[in-house]
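To start, the structure itself, in structure tokens.
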Number of protein chains: 2
Amino acid sequence: MVTSARRGPYVCGIDAALDVVSGKWKGLILWELEAHGVRRFAELRRGLPGVSEKMLTQHLREMEADQLVVRTVYAEVPPRVEYTLTGHGRALNAALDPLGRWGMERIRREQPELVDHADAAAMPRP
Amino acid sequence: MVTSARRGPYVCGIDAALDVVSGKWKGLILWELEAHGVRRFAELRRGLPGVSEKMLTQHLREMEADQLVVRTVYAEVPPRVEYTLTGHGRALNAALDPLGRWGMERIRREQPELVDHADAAAMPRP
DNA sequence: CGGAATCCGAAATGATACTG
DNA sequence: CAGTATCATTTCGGATTCCG
């Protein structure tokens with residue numbers, strides 16, 4: 001099995017939550033989908049500069065299995081596949097919001113050069 | 001360099017936050033320190049069943065570098081080292097709380113057998 | 001007691017090429 | 001367009017041993 005044997009018994013809610021958001025791009029995928037509502041594969045790819053097709057596919061499949069996203073395939077040519085958040089996915093995003101604010105504070109503390117020339121809206125959580 | 005070259009530039013606050021809490025035991029370490037205020041190395045070890053000394057040391061050093069914990073060494077024999085949260089660490093813990101609640105919901109959905117025989121207080125965030 | 005140093009296997013990620 | 005398949009690389013975590 002390529003996509004791991006994770007999803008343990010968890011010792012607390014933090015474990016269970018971190019398990020589904022760990023993965024280099026999952027936070028950004030949630031963000032993209034929250035911001036745009038619906039996204040196609042290639043759109044997500046463009047929104048995540050540097051991601052490989054393999055990792056994007058793999059993460060999306062895991063998030064689908066975790067019921068964070070819905071994958072809809074249209075029987076057309078050229079093929080079209082759309083991704084959108086489930087209710088659980090949106091709830092997770094909301095639960096992630098305070099953490100994102102803490103992270104922004106951390107960036108301001110440690111890498112102010114990345115924020116100074118752009119205002120706070122440069123990296124918002126939608 | 002053994003302890004990695006992480007700490008991005010980050011594309012958003014979520015990235016910055018997930019970076020400092022990823023690591024198999026960091027969530028639990030935060031929890032332990034929040035619950036007890038101050039903990040010695042051996043106490044933390046007992047509080048995290050299954051952790052190796054290497055991982056505990058490594059995580060604690062990273063969290064110290066990230067200014068989440070303070071490490072205090074007492075020049076005594078036998079040696080004594082105490083760990084406690086910084087203000088940033090406590091703020092992170094607070095920001096983690098909604099995520100922990102979301103995770104508890106997920107556990108209830110997917111592994112109800114682990115919660116049924118114990119009430120909701122079985123795995124609280126302090 | 002509270003580590004450090006080293007080695008090893010497993011898992012996560014990345015690069016590239018190919019396909020319906 | 002939206003993926004698979006394959007191979008290479010990097011990172012993570014565990015076990016063991018030794019030390020002031």
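Values below: every heavy atom of this structure, side chains too, minus hydrogens, waters and symmetry copies. Given the structure is predicted, the values throughout are model-derived calculations rather than measurements. Every chain is numbered from 1, with letters handed out A, B, ... down the list of sequences.
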Nearest heavy-atom neighbours spanning A:L68 and B:W102: CD2-CZ2, 3.8 Å
The single option from A:R108, A:R101, A:R109 passing side-chain hydrogen bond (donor to acceptor under 3.5 Å, both in side chains) against A:E105: A:R108
Nucleic acid contacts - residues 78-85 of chain A versus DNA chain C, non-hydrogen atoms under 4.0 Å: A:P79
Listed nucleotide nearest any side-chain atom of B:R40, set C:dG3, C:dC1, D:dA2: C:dC1
Residues B:E43 and B:R46 bridged, charged N to O under 4.0 Å: no
Any B:R61 side-chain N or O less than 4.0 Å from OP1/OP2 of C:dG2: no
B:R71 CZ to C:dC1 P, straight-line distance once rounded to whole Å: 16 Å
Nearest non-hydrogen partners of B:I14 and A:G27, listed with the distance: CG2-CA, 4.3 Å
Within residues 81-95 of chain B or reaching into it, pairs that qualify as salt bridge (Lys or Arg N to Asp or Glu O under 4.0 Å) - sequence neighbours excluded: B:R80-B:E82
Closest-nucleotide 5' rank along DNA chain C - winner of A:G23 and A:E53: A:G23
Touch class at under 4.0 angstrom, heavy-atom based, for B:T57 against every strand present: sugar-phosphate
Heavy-atom check, side chain of A:V38 versus side chain of A:T72, under 4.5 Å: no
B:H59 side chain near D:dC12 phosphate (N/O to OP1/OP2, under 4.0 Å): no
Atom-to-atom span, CE of A:M55 to P of C:dT16 - whole angstrom: 16 Å
N/O donor-acceptor pair, side chain A:K54 with base D:dT4, under 3.5 angstrom: no
Passing option when B:Y83 is tested against B:H36, B:E32, B:R71 for side-chain hydrogen bond (donor to acceptor under 3.5 Å, both in side chains): B:R71
Nearest-angstrom distance from the residue atom CD of A:Q58 to C1' of C:dA12: 8 Å
Whole angstrom value for the distance that separates P of C:dG2 from CG of B:L60: 11 Å
Spacing of B:W25 atom CH2 relative to D:dC12 atom P, expressed in whole Å: 16 Å
Between D:dT11 (P) and B:D19 (CG): distance, integer Å: 13 Å
Whole-Å gap separating C1' (C:dC1) and CZ (B:R45): 11 Å
Interatomic distance where CZ belongs to B:F41 and P belongs to C:dA4 [whole Å]: 8 Å
